[in-house]
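Before any comments, here is the structure.
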Number of protein chains: 2
Amino acid sequence: MTALRSIEQSLPISLLRAREAVMARFRPLITGYGLTEQQWRVIRALAEADELSATQLAEICCILHPSLTRIFRTLENKKLIKRRRSRGDGRVVSVSLTEQGRVLFEEIAPQSEKLYRQLEAELGRDEIDRLLTALNRLRNI
Amino acid sequence: MTALRSIEQSLPISLLRAREAVMARFRPLITGYGLTEQQWRVIRALAEADELSATQLAEICCILHPSLTRIFRTLENKKLIKRRRSRGDGRVVSVSLTEQGRVLFEEIAPQSEKLYRQLEAELGRDEIDRLLTALNRLRNI
DNA sequence: TATTGTTATACTCTATAACTATA
DNA sequence: TATAGTTATAGAGTATAACAATA
């Protein structure tokens, strides 16, 4: 008898539920600015790295290439990002924030950070650090 | 200056990536049986609880009501679940697995459990237990 | 009146394959 | 030939509001 473990003990489902609980706090902020979660991940990655290729963004943001292409188009229409061909390799698209995109990021970031701080206050900094370490280890299995 | 923490330190993104890494192992099994992740969560919850209302399933599986209604229809067409009105409360729909649904679950479950065991062997049972505890705590914040 | 579930609607993402351009 | 990105296409989930039936 090899019964499946209970849902409480399922890693994928526990990860999903935990993420939902956390996102319930951040989602209103993001959607309030007319952004989807995925679009915000892209903006945030670009704010941190200045310039990334589509392949790098797909890896960092956990978004498939065709979805990314559409997100690029949407964010480009909103004038939040810009695309250009890489000088070194003509196949590569180099994506970066526009000035307007940077301004939007700077407006949202401190509010997001405030929500993180509240979370830390409730769960404890150590608990969150341990969790992040475990999650990043899991990511590289 | 309240700069946003790095992506590596972002709980929502770390949760997402960790989940992706884990699901990369389980997804082929589930899709190989023509099921989506969400459909499998519903089947699995029903296998564990025998009978659940739509509201209970929405809570357990992290799926919104309108999505659930469509999933019910799909799984009903495949004759994997059955719906009936609750005797006690006529508003409530009581969902359960059909015999065929149970058979499918019993076929997938041991293969899923085998993948879990591989994960445990790589990460360590204690590490996973600690992670599950932390995730379930996070869920209830 | 409140609750349970369904329907309607619009949007977005997922996933796979095929295609274009460049290396 | 291989790689980077786009396009095409089908399918599914997300999210909100409105609705029907029941309590």
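So you know, we letter chains A, B, ... as the sequences are listed, proteins then strands, and number each from 1. Remember, predicted model here, so these are calculated numbers, not experimental data.
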For dA15(C), take OP1 and OP2 only and decide whether either is under 4.0 Å from a side-chain N or O of R27(B). yes
Would you classify T36(B) as touching base, sugar-phosphate or nothing, given that sugar-phosphate means primed atoms plus P, OP1 and OP2, and contacts are heavy atoms under 4.0 Å? sugar-phosphate
Figure out the CG/C1' separation between L16(B) and dT14(C), and round it to whole Å. 13 Å
In whole angstroms, how far is the C1' atom of dT12(C) from the CG atom of L35(A)? 13 Å
For Watson-Crick and G-U wobble pairs within 3.5 Å on both distances, what is DNA chain C written in dot-bracket notation, | included for inter-strand pairing? |||||||||||||||||||||||
What string of B, S and - do you get for nucleotides 18-23 of chain C, 5' to 3', if B is base contact, S is sugar-phosphate-only contact and - is no contact with any protein heavy atom under 4.0 Å? ----BS
Give a yes/no on whether any side-chain N or O of T69(A) is located under 4.0 angstrom from OP1 or OP2 of dT6(D). yes
Go through residues 39-59 of chain A and report each residue with a non-hydrogen atom lying under 4.0 Å from DNA chain C, sorted by number. none
Using a 4.0 Å cut-off on heavy atoms, which residues in residues 73-81 of chain A reach DNA chain C? List them by number, or say none. none
Which class fits the ring pair Y116(B) and F26(B): parallel under 30°, tilted 30 to 60°, perpendicular over 60°? tilted
Keeping to residues at least two apart or across chains, list the salt bridge (charged side-chain N to carboxylate O under 4.0 Å, His left out) pairs with something in residues 56-68 of chain B. E59(B)-R139(B)
DNA chain D: S67(B) or S67(A), which has the more 5' nearest nucleotide? S67(A)
Run the salt-bridge test on E99(A) and K79(A) with the 4.0 Å N-O cut-off and return the result as yes or no. no
Residue list, salt bridge (charged side-chain N to carboxylate O under 4.0 Å, His left out) with R85(B), at least two apart or on another chain: none
Using a heavy-atom cut-off of 4.0 Å across all strands, would you classify I71(B) as base, sugar-phosphate, or nothing? sugar-phosphate
Considering only NZ, NE, NH1 and NH2 on the basic side and carboxylate oxygens on the acidic side, decide whether E76(B) and K82(B) come within less than 4.0 Å. no
Please step through side-chain hydrogen bond (donor to acceptor under 3.5 Å, both in side chains) for the pair Y33(B) and Q111(B), ending with a clear verdict. CA-CA 12 Å; Y33(B) 280 94; Q111(B) 300 179 65; 2.9 Å; yes
